[in-house]
Structures are given as C-alpha cells and as structure tokens.
Colleague: 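To start, I am sharing the structure in question, which I have written as structure tokens.
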Amino acid sequence: MKRKLVIAAVTASVVIGGGAAVAFADDDAQTGAPQVRVAEQVAADRAEESTVSSSKATAAEVIAAALRHTPGTAVGADREDDGADAGTWHVDVVEADGVEQTVAVSPDTGKVLGVHRDTDTDDDGDDDDDGREDLAALKGADVDAREAALAVAAKGAVTDVDLDDDDRATVWNVDTAKAGEWQVDVRTGKVTQELDD
C-alpha cells in the first residue's frame with residue numbers, strides 16, 4: 001500500500017510538473033524506500049556515455065573548445081600524426097598580451113587535455129614576438145580559424161589550420177584528409193584550392 005501511494009504521488013508530480021522529473025521505483029532491500037532520479041540526471045548520464053563513443057570532434061569544435069578554455073585568438077590547429085599524442089589536436093592560442101599557449105584537445109571528446117606555453121624563440125630570443133605578429137596580421141580580419149575550418153569542412157575532414165601571412169594576402173591554410181589543401185582569405189572568406197607547384 002505504501003509503495004502504491006509513493007508511485008501515485010510521484011506520477012502526480014510528473015503530470016503536474018509537466019514531465020520535469022521521472023521516477024524509478026526500486027525497492028531498497030535495507031530501507032524499503034524507493035529511489036527517485038531526476039530525468040535531467042538520466043539524460044546527462046546518457047550524454048556523458050555517448051560523448052566517448054560519438055564521432056570524432058571536428059577542427060571547428062576543437063578550436064572552439066580551446067578558446068573556451070584559454071581565451072584569445074586561435075592562430076593554428078593541427079592533429080598530431082605520430083607518437084604518444086597521435087590524433088590529439090594542438091590549438092595555438094595567442095592571448096591579448098602576445099603570449100602563445102598550445103592547448104591539447106581530445107580528438108574523441110573535444111575536451112581540453114592540457115595547456116602549455118609555447119616557448120619557441122625567434123632570432124632575438126623573444127617567444128612572444130610571433131604571437132604579436134600573428135595578432136597584427138589578423139587585425140581587421142573577418143574570418144577566424146574556426147570559421148576557416150567550417151568553410152573548408154564541406155570539402156573534406158579538416159586536419160590542419162594555419163595562419164599564413166608570408167605572401168601578399170593573409171590567408172588561412174587549411175589541409176583536409178583527402179581533398180587536398182585550401183586557402184581561406186581572412187578578410188573575404190573566399191575559399192580557393194591550393195594547387196601543387
């Protein structure tokens with residue numbers, strides 16, 4: 001009788017509450033009290049389990065995850081080809097002060113695995129100059145690294161996004177797994193295929 005009243009009360013609360021909670025009656029052998037779990041928790045558990053088995057994170061997704069973790073400007077993203085980090089994405093983020101951080105992101109879940117400061121030094125020994133130069137090259141740009149990855153994603157799975165400001169125009173160089181290399185203009189967003197010389 002007690003169990004029927006509990007189930008009836010929970011059912012009524014679900015109907016009145018618009019389905020915000022779902023109850024699972026499970027007699028606990030020690031107390032005899034039913035266990036109740038909220039529907040959102042059940043959904044969260046399922047989502048957590050499916051994240052690991054879902055498809056690989058895209059370049060645009062890993063860039064967004066890196067920027068949520070380490071705010072700044074993404075100037076590059078690439079998947080490691082070999083070694084212990086094979087498959088892991090490394091996103092280069094330049095902070096407002098010119099400091100460049102490399103954010104490692106899981107290829108399976110899109111979660112940040114770690115961050116380290118980029119200590120590659122240039123000729124004068126200052127490792128922040130490269131970051132400042134990248135920020136200067138992107139001044140007035142309308143297309144960021146994530147948008148460049150999205151623009152090329154229709155052509156194939158993106159494996160690398162890099163800022164190229166060595167030529168006359170500043171562009172994003174975007175590599176795909178099977179469809180070759182592409183360039184995306186940082187100001188216009190125009191996508192062109194990079195042909196072999």
Side-chain angles (χ1 to χ4, degrees), residues 22 37-120 127-128 130-131 134-135 137-138 141-165 170-186 189-191 193-194:
V22 175
R37 292 179 63 193
V38 178
E40 287 99 4
Q41 182 60 45
V42 173
D45 290 347
R46 287 187 186 141
E48 179 101 14
E49 291 167 8
S50 67
T51 301
V52 176
S53 63
S54 67
S55 64
K56 303 275 187 201
T58 66
E61 292 168 341
V62 299
I63 292 169
L67 291 173
R68 279 192 302 273
H69 185 275
T70 306
T73 302
V75 296
D78 66 315
R79 269 194 335 215
E80 288 298 312
D81 293 334
D82 52 15
D85 286 348
T88 300
W89 284 92
H90 288 170
V91 181
D92 296 324
V93 177
V94 178
E95 297 172 331
D97 59 0
V99 173
E100 189 171 326
Q101 306 280 355
T102 299
V103 182
V105 182
S106 167
D108 298 317
T109 64
K111 292 183 179 181
V112 172
L113 302 173
V115 179
H116 72 273
R117 181 178 175 156
D118 187 0
T119 56
D120 290 339
D127 59 335
D128 294 340
D130 289 341
D134 288 342
L135 290 179
L138 287 170
D142 292 324
V143 179
D144 62 20
R146 187 189 68 78
E147 293 166 331
L150 284 172
V152 175
K155 314 255 185 232
V158 174
T159 59
D160 187 90
V161 179
D162 256 333
L163 182 64
D164 181 3
D165 61 342
T170 301
V171 296
W172 293 106
N173 285 330
V174 183
D175 296 342
T176 59
K178 295 181 181 176
E181 299 175 13
W182 302 83
Q183 290 187 335
V184 180
D185 189 285
V186 299
K190 181 179 177 184
V191 177
Q193 188 164 21
E194 190 173 313

Colleague: If you measure from CG on N173 to CG on D160, what distance do you get to the nearest 0.5 Å?
Modeller: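 So the CG of N173 and the CG of D160 are separated by 8.5 Å.
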Colleague: Rounded to the nearest 0.5 Å, how far apart are CH2 of W172 and CD of Q183?
Modeller: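 Output value for this atom pair is 13.0 Å.
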Colleague: Does the side chain of K190 reach to within under 4.5 Å of the side chain of V184, using non-hydrogen atoms?
Modeller: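 A side-chain contact under 4.5 Å is absent here.
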Colleague: Taking Q101 for the side chain and R117 for the main chain, is one N or O donor matched with an acceptor at less than 3.5 Å?
Modeller: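 Side chain of Q101 to backbone of R117: a pair is present.
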Colleague: For a quick test of reading the model, state the closest non-hydrogen atom pair linking T176 to G156 and the distance between them.
Modeller: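 So the two residues come closest at CG2-O, 3.8 Å.
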Colleague: I want to check something: taking the side chain as every heavy atom from C-beta on, are K155 and V191 in contact at a cut-off of under 4.5 Å?
Modeller: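 Yes. Closest side-chain heavy atoms under 4.5 Å.
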Colleague: Show the atom names and distances, to 0.1 Å, of all donor-acceptor pairs under 3.5 Å that link a side chain in residues 58-66 to residues at least two apart or in another chain.
Modeller:
unit_1: T58; atom_1: OG1; unit_2: E61; atom_2: N; d: 3.2
unit_1: T58; atom_1: OG1; unit_2: E61; atom_2: OE1; d: 3.4
unit_1: E61; atom_1: OE1; unit_2: T58; atom_2: N; d: 2.8

Colleague: Can you tell me how far CG of D162 sits from CD of E181, rounded to the nearest 0.5 angstrom?
Modeller: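 Going from the CD atom of E181 to the CG atom of D162 covers 10.5 Å.
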Colleague: Name each donor-acceptor pair under 3.5 Å that joins a side chain in residues 68-90 to protein atoms two or more places apart or in another chain, with its distance.
Modeller:
unit_1: E80; atom_1: OE2; unit_2: H90; atom_2: ND1; d: 3.1
unit_1: T88; atom_1: OG1; unit_2: D85; atom_2: O; d: 3.2

Colleague: Yes or no on side-chain contact (heavy atoms from CB on, under 4.5 Å) for D185 and V143, after CA distance, side-chain angles and deciding distance?
Modeller: CA-CA 7 Å; D185 189 285; V143 179; over 6 Å; no
Colleague: Apply side chain to side chain contact (heavy atoms under 4.5 Å, CB included) to A157 and list each qualifying residue two or more places apart in sequence or on a separate chain.
Modeller: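 Per chain and number, A157 pairs via side chain to side chain contact (heavy atoms under 4.5 Å, CB included) with A177.
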Colleague: Go through L163 and V186 one step at a time and tell me if the side-chain contact (heavy atoms from CB on, under 4.5 Å) criterion holds.
Modeller: CA-CA 9 Å; L163 182 64; V186 299; 4.3 Å; yes
